[in-house]
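Heads up: the structure comes next, in structure tokens.
Because only heavy atoms are used, hydrogens play no part in the values below, and waters and symmetry mates are left out as well, while side chains stay in.
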Amino acid sequence: RLVSDPRFAALVDDVVVEFGNALYQPVVDSFVSGRTVSDASIARAWRNTTQIFVWDAPIYERFYRAVRAANLARTDGRQLRVVLGDPPIDWSARPDSARWEWYIGQRARSYVESVEREVLARGHRALLIAGSFHLLHHGSSPGEDPGTEVGMLEQRHRSAVFVVIPHTGLGARTSALEQAMAAGPVPAFIPLRGTWIGRLSPAVAFGGDNPGSMRLEQIADAYLYLGPRRSLLRSRIPAGYFLRHPAYLRDLRRRYRLMFGAPLDPAGPRRRPSARYFQDPDGT
């Protein structure tokens, strides 16, 4: 609904996503602008990233198609562009394990450089979409580890990013927040600075223990309340999806062995096999 709203396209030039390999930027540019691109070609953008079994959930493909549909519906010539933030790894070149790990270490830098090159350098405004821990204020000083992609951007472009945390209904603390929000509108966009939600612990949004005296307003600017936890939906990979795409499954088997040093279950992945792979370089 957001990208389809004409008010959004009037204010925003680009959408920068974590779920897209920068190697396929020309293909995605063609696709979202309305030109003919085969399903197999556009799927490489989210299938061939540094990640595995993450972006195959249907919502990611639907996002690309939603931007394309919004652009085709516009009559003023102004179009949204999807900028791909994941490093340009080329799986057809059959990289080895060391090369893949090098690309994993470049993920944050690649995303930030995409924002700087394709958005800020052009005087554009963009919506940034990535896992929540990538897009939080960090508050580091010059010369210190910036911690997050937003921290990296803000070390060089002060106040360039407005951070919005979406409500995902995590943990017992969130239930208390939902009770307080019950009488209000859904969805609700709530500024954090100086508000009662801003003074809450980040554990409200992310679960876990209370990290000392830190407050939500220190790491984000607004909270997007989408309704109580029981009303929220999760996009899951359909059962048998990989078996219906045999060529893709063959390549996933190759990647899986390279990443984990073990063969992939022929029936497809049932669980995340290793916490090590899913850690970012900063350990989150």
Side-chain angles (χ1 to χ4, degrees), residues 16-31 37-58 60-61 63-64 82-118 128-131 133-135 145-149 151-152 236-237 240-284:
V16 186
V17 299
E18 180 187 9
F19 49 92
N21 180 338
L23 185 68
Y24 301 99
Q25 188 66 60
V27 177
V28 169
D29 285 343
S30 294
F31 179 78
V37 177
S38 70
D39 290 346
S41 294
I42 190 60
R44 295 187 183 104
W46 61 84
R47 285 181 174 177
N48 291 354
T49 68
T50 58
Q51 310 298 287
I52 195 170
F53 312 139
V54 179
W55 314 127
D56 292 295
Y60 300 105
E61 178 178 354
F63 169 81
Y64 285 89
V82 178
V83 175
L84 310 181
D86 207 54
I89 187 171
D90 184 357
W91 285 107
S92 68
R94 304 183 74 85
D96 59 17
S97 179
R99 188 62 175 165
W100 168 72
E101 290 189 356
W102 181 86
Y103 276 111
I104 285 289
Q106 298 299 306
R107 293 189 71 220
R109 182 182 301 276
S110 175
Y111 192 95
V112 168
E113 289 179 350
S114 293
V115 174
E116 290 184 315
R117 181 182 62 252
E118 305 296 339
L128 311 184
I129 304 178
F133 289 108
H134 295 280
L135 301 182
D145 180 4
T148 67
E149 282 85 327
M152 294 171 68
R236 298 186 183 277
I237 300 172
Y241 172 82
F242 298 100
L243 294 177
R244 292 196 296 272
H245 298 83
Y248 181 38
L249 178 57
R250 284 195 298 272
D251 199 51
L252 285 178
R253 287 175 176 166
R254 174 173 67 90
R255 297 186 212 174
Y256 189 96
R257 183 178 288 277
L258 179 149
M259 295 172 181
F260 303 114
L264 173 65
D265 185 327
R270 291 186 173 87
R271 70 179 72 183
R272 291 181 170 183
S274 169
R276 168 186 156 274
Y277 164 71
F278 291 93
Q279 288 182 345
D280 286 332
D282 62 359
T284 56

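Salt bridge present: Asp251 and Arg254 bring a charged side-chain N and a carboxylate O closer than 4.0 Å.
Ring geometry for Phe53 against Tyr256 counts as tilted: the plane angle lies between 30° and 60°, on a 0 to 90° scale.
The two residues Pro88 and Leu23 have their closest heavy-atom pair at CB-N, 3.7 Å. Smallest separation of non-hydrogen atoms from Leu249 and Leu264: CD1-CD2, 3.9 Å. The two residues Glu149 and Ala108 make their nearest non-hydrogen contact at OE2-CA, 3.5 Å. Pairing each heavy atom of Gly85 with each of Ser114, the nearest pair is CA-OG, 3.9 Å. Of all heavy-atom pairs between Ser97 and Leu258, the closest is OG-O, 3.5 Å. Minimum interatomic distance between Gln51 and Ile104 (heavy atoms only, all atoms of both residues): NE2-CD1, 3.8 Å.
Heavy-atom contacts from other residues, nucleotides or ligands closer than 6.0 Å to CZ of Arg109 number 12 or fewer. With a 6.0 Å radius and a threshold of 12 heavy atoms from other residues, nucleotides or ligands, Arg244 has its CZ atom above the threshold.
Note that CE of Met259 and CH2 of Trp100 are 5.0 Å apart. Values are rounded to the nearest 0.5 Å. To the nearest 0.5 Å, atoms CZ (Arg47) and CZ (Arg255) are separated by 9.5 Å. Here Glu18 contributes atom CD and Ile129 contributes atom CD1; the two are 10.5 Å apart, rounded to the nearest 0.5 Å. Atom CZ of Phe19 sits about 5.0 Å away from atom CZ of Phe63, to the nearest 0.5 Å.
In this structure the side chain of Val27 never reaches within 4.5 angstrom of the side chain of Arg44, judged on heavy atoms. Looking at heavy atoms from C-beta onward, Pro263 lies out of side-chain contact with Arg253 at the 4.5 angstrom threshold.
A donor-acceptor pair is defined here as one N or O able to donate and one able to accept, closer than 3.5 Å; such a pair exists between the side chain of Trp91 and the backbone of Thr49. Asn48 contributes no side-chain N or O that, together with a main-chain N or O of Ile89, makes up a donor-acceptor pair within less than 3.5 Å. The backbone N or O of Leu84 lies less than 3.5 Å from a partner atom in the side chain of Gln25, making a donor-acceptor pair.
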_Show, in sequence, the C-alpha distance, side-chain angles and deciding distance for Phe31 and Tyr24, and conclude whether the side-chain contact (heavy atoms from CB on, under 4.5 Å) test is met._
CA-CA 11 Å; Phe31 179 78; Tyr24 301 99; over 6 Å; no
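Screening Tyr64, Tyr111, Tyr60, Trp55 for a side chain to side chain contact (heavy atoms under 4.5 Å, CB included) involving Val17 leaves a single residue, Tyr64.
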